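All of these numbers come straight from a predicted model, not from anything done at the bench. Quick note: numbers below take in every heavy atom, side chains included, and nothing from hydrogens, waters or symmetry partners.
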Amino acid sequence: MNFLAHLFLSGDNQELRLGNFSGDFVKGNQMNIYPDQIAQGIKLHREIDRFTDTHQIVLLSKKRLRPKYRHYSPVIIDVFYDHFLASLWADYHPQPLEQYVNEFYRYTETKLNLLPVNAQHTFKYMKRDNWLYNYQYIEGIDRALTGMSRRTLYESKMDEATLELKKDYELFKSEFQLFFPVLIQHVSNFISE
């Protein structure tokens, strides 16, 4: 899952959301330096990634991409799945997507000093280009993947990945729709434990 799914899966807890947003930017046990709810959000982020990366439905999605995109296929699928969450947002959340992401941007701006420096840097561009809202559009996904492609050390071809999305759109969408409710239930169980 990419940024939007991580935020959504944090529920209404703003600090848990901050931690979940920061998860990729915190290495090892560095989470101990953060306030408790943010540290819990980092742990939640890691659990979401662990569960997602090993689930059979997600593995099917990745398998189609692996011949061309190799070890970048999990990253691409995370972005594709955020596209489906954004484009089907009303199926999962009562608040309009635009309102939801603007509230996240506003709140996060007031707490930037609590985030790792790399997360602060990413947030600046995320807000400026409104990534979370634009994930609902294939053009938004294309911009995100092209930006990631420019930042990889090796040739990733992620800038070509939306061609695969368009070609197998309904298949990727059905896999997302099968997987996401399972992930929601897993996260609910994880949080309650």
*Find out whether Q185 and N189 are in side-chain contact, i.e. whether some heavy atom of one side chain is under 4.5 Å from a heavy atom of the other.*
yes
*Start with the C-alpha distance between E160 and K68, add both sets of side-chain angles, then the distance that settles side-chain contact (heavy atoms from CB on, under 4.5 Å), and finish with yes or no.*
CA-CA 10 Å; E160 301 172 17; K68 181 174 181 178; 2.6 Å; yes
*asked:* If we ignore hydrogens and angles and just use 3.5 Å, is the side chain of N134 paired with the main-chain N or O of I141 as donor and acceptor?
replied: no
*Can you say whether the rings of H186 and F51 are parallel (under 30°), tilted (30 to 60°) or perpendicular (over 60°)?*
parallel
*asked:* Please evaluate residues V75 and Y69 with respect to the criterion side-chain contact (heavy atoms from CB on, under 4.5 Å), reporting the C-alpha separation (whole Å), side-chain torsions for both, the decisive distance (0.1 Å), and the verdict.
replied: CA-CA 10 Å; V75 176; Y69 301 98; over 6 Å; no
*Can the ring centroids of W89 and F8 be said to lie less than 6.0 angstrom from one another?*
yes
*Ring centers of F179, F84 separated by less than 6.0 Å*: no
*asked:* As an exercise, state the distance from CD of E175 to CZ of F180, rounded to the nearest 0.5 Å.
replied: 15.5 Å
*Geometric class of the F21/F25 ring pair [parallel <30°, tilted 30-60°, perpendicular >60°]*: tilted
*Are any non-hydrogen side-chain atoms of I138 and K166 less than 4.5 angstrom apart?*
yes
*asked:* Let me confirm one number: the CD1-NZ distance from I42 to K27, rounded to the nearest 0.5 Å.
replied: 11.0 Å
*Contact summary for L115 and T108, nearest pair of heavy atoms*: CD1-CG2, 3.8 Å
*Any donor-acceptor N/O pair, R17 side chain to G11 backbone, under 3.5 Å*: yes
*Is there side-chain contact between V26 and I33, with at least one heavy-atom pair below 4.5 Å?*
no
*Should we say atom CG of D12 is surrounded by more than 12 heavy atoms from elsewhere, each under 6.0 Å from it?*
no
*Ignoring hydrogens and angles, tell me if any N or O in the side chain of D142 forms a donor-acceptor pair with the backbone of T162 under 3.5 Å.*
no
_Sub-4.5 Å side-chain heavy-atom contact between K157 and E155_ = yes
*Hey, what's the ring geometry for Y105 with F123, parallel, tilted or perpendicular (30° and 60° as the breaks)?*
perpendicular
*Can you measure from NZ (K62) to CD1 (I57) and round to the nearest 0.5 angstrom?*
12.5 Å
*Less than 4.5 Å apart, any side-chain heavy atom of L145 and any of F80?*
yes
*Hey, does the side chain of Q37 reach the backbone of L16 with a donor-acceptor pair shorter than 3.5 angstrom?*
no
*Roughly how far, to the nearest 0.5 Å, is the NE2 atom of H45 from the NE2 atom of H6?*
4.0 Å
*Begin from the C-alpha positions of Y133 and N102 and carry the test side-chain hydrogen bond (donor to acceptor under 3.5 Å, both in side chains) through to its verdict.*
CA-CA 9 Å; Y133 182 75; N102 285 335; over 6 Å; no
*Would you give the length of the straight line joining atom OG1 of T54 to atom CD of Q56, rounded to the nearest 0.5 angstrom?*
8.5 Å
*In Å and rounded to the nearest 0.5 Å, what is the NE2 to CD1 distance from H71 to I76?*
10.0 Å
*Check for a donor-acceptor pair, side chain of N13 on one end and backbone N or O of E15 on the other, with a separation under 3.5 Å.*
yes
*With the side chain counted from C-beta on, respond yes when S174 and L171 share a heavy-atom pair under 4.5 Å apart, and no when they do not.*
yes
_Looking at D129 and M126, would you say the former's side chain and the latter's main chain have a donor-acceptor pair under 3.5 Å?_
no
*Look only at the side chain of T52 and the backbone of I48, and say whether a donor-acceptor pair between them is shorter than 3.5 Å.*
yes
*Between D82 (side chain) and L4 (backbone), is there a donor-acceptor pair under 3.5 Å?*
yes
*asked:* Are there over 12 heavy-atom neighbours, none belonging to R70, within less than 6.0 Å of that residue's CZ?
replied: no
*Electrostatic pair R64-E164, nearest N-O below 4.0 angstrom*: no
*Got a donor-acceptor contact below 3.5 angstrom from the E109 side chain to the R106 backbone?*
no
*Quick one: do R50 and E47 make a salt bridge, cutoff under 4.0 Å?*
yes
_Step-by-step side-chain contact (heavy atoms from CB on, under 4.5 Å) determination, D24 to D49_ = CA-CA 10 Å; D24 283 332; D49 284 356; 3.7 Å; yes
*Flag side-chain contact, heavy atom, 4.5 Å: V58 against D53*: no
_I'd like to know whether L9 forms a side-chain contact (heavy atoms from CB on, under 4.5 Å) with L183, so could you lay out the CA-CA distance, the side-chain angles of the two residues, the decisive distance to 0.1 Å, and finally the verdict._
CA-CA 9 Å; L9 292 164; L183 177 59; 3.5 Å; yes
*Does the side chain of L65 come within less than 4.5 Å of Y72's, by heavy atoms?*
no
